[in-house]
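We count ligands from 1, going down the list as the structure has it; atoms in each ligand are counted the same way.
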Amino acid sequence: MTHSAAPCPRLSTRKDGLELSRIVAGMWRMNEWDMPVAARVDFIERCLEMGVTSFDHADIYGNYSVEGLFGEALRASPGLRARMEIVSKCGIKLVSTARPAHSIQHYDTSAAHIVASCEESLRQLGTDYLDLLLIHRPDPLMDFDEVAEAFTRLQREGKVRHVGVSNFTRHQFESLNRRVPLATNQVEFSPLYTGPMFDETFDGLQDLGIAPMVWSPLGGGRLFTSNDAQAIALRDVVKEVAGRTGQSFASVVFAWIMALPSRPLPITGSGRIDAVADAVAATGFALERSDWFAILRAARGHEVA
Ligand code: NAP
């Protein structure tokens, strides 16, 4: 597979706000990639060379191990940190041997936990600041004022440059955004999961001029592997568009996502640099409107009215 010659463009998630690469490299699965530290450094370097400068983390990834793996790479090659943006998340507590005090999987969006989790992320990553810290999931016990206060404190102390949320509804997003300016809402979206397009998540963000980040853009790989009848039909349509336009299958899916006017930033999930390059290639072309709707029709199993 050939790599796109054009570097990945950059995008401000909100006016005068955080600038990220349009394609973000997701680190959730990094512990499965089985990369020695030199290979991790090489992967990061090659992402940066393509203009993919933003890396998505969470405290819990890899059973609390991924930030440490990434931090080890940053320590091995100290020039890397200044060339990238690091996104991380907090607010989920897993039952884990890495956290023996946790007796039940639960959420914690108390100010004390947000601050402690962020400080631990900084230690694991070996950096002084996060470019963006997100609340990972909406918490039924979440107090908007308390979260806003914790975010503001971390920003004042220089530990976090920007703040945001993940998996929030439009109303939850707007409630917190009234108290502290949020950079993004990171949500699941793909042709296999089109919810945010129809439940006001994307419309609300577009109205505010805030770009969403999109996780599992390839359905976590199910777009390639699912034997579900609808997934097979969808795969056939994407394949047809890819063949006719001379793009890779994955590039067509990324272009389909990025066509949305809310300006989503897809997060890749692969440890293969070619897969990241497929996502970057999608920033260089646009789908015909008829092809975009053919993919939507296959995704939903019915025509628009
Ligand atoms: P994804 O791109 O939808 O799925 C990645 C999976 O698809 C990998 O297992 C990958 O395998 C496979 N894949 C990619 N290209 C393929 C191809 N051409 N053929 C076959 N399989 C292929 O993304 P994701 O990993 O589910 O999510 C991306 C990122 O989103 C995560 O790393 C994380 O940063 C973020 N995330 C956030 C949340 C949240 O709640 N905020 C939740 C989940 C994920 P290979 O590695 O073999 O390519």
* Asked: Stepwise, does the ring-ring contact (aromatic ring centres under 6.0 Å, His included) test hold for Tyr193 with Trp215?
  -> CA-CA 10 Å; Tyr193 186 76; Trp215 61 265; 7.7 Å; no
* Are His113 and Lys93 side-chain neighbours, meaning at least one heavy-atom pair lies under 4.5 Å? -> yes
* To do: Could you walk me through whether Arg179 and Asp145 pass salt bridge (Lys or Arg N to Asp or Glu O under 4.0 Å), step by step?
  => CA-CA 7 Å; Arg179 291 160 168 86; Asp145 290 326; 2.7 Å; yes
* Which parts of the protein, at residue level, reach under 4.0 Å of ligand 1 through a heavy atom? -> Gly26, Met27, Trp28, Arg29, Asp56, Tyr61, Lys89, His136, Arg137, Ser166, Asn167, Gln186, Trp215, Ser216, Pro217, Leu218, Gly219, Gly220, Gly221, Phe224, Ile267, Thr268, Gly269, Ser270, Gly271, Arg272
* Do NZ/NE/NH1/NH2 and the carboxylate oxygens of Arg153 and Glu149 come within less than 4.0 Å? -> no
* Asked: Is it true that Arg123 and Glu120 make a salt bridge, defined as a side-chain N closer than 4.0 Å to a carboxylate O?
  -> yes
* Check each of Phe43, Phe55, Trp28 against Phe70 using the ring-ring contact (aromatic ring centres under 6.0 Å, His included) test, and report the only one that passes. => Phe55
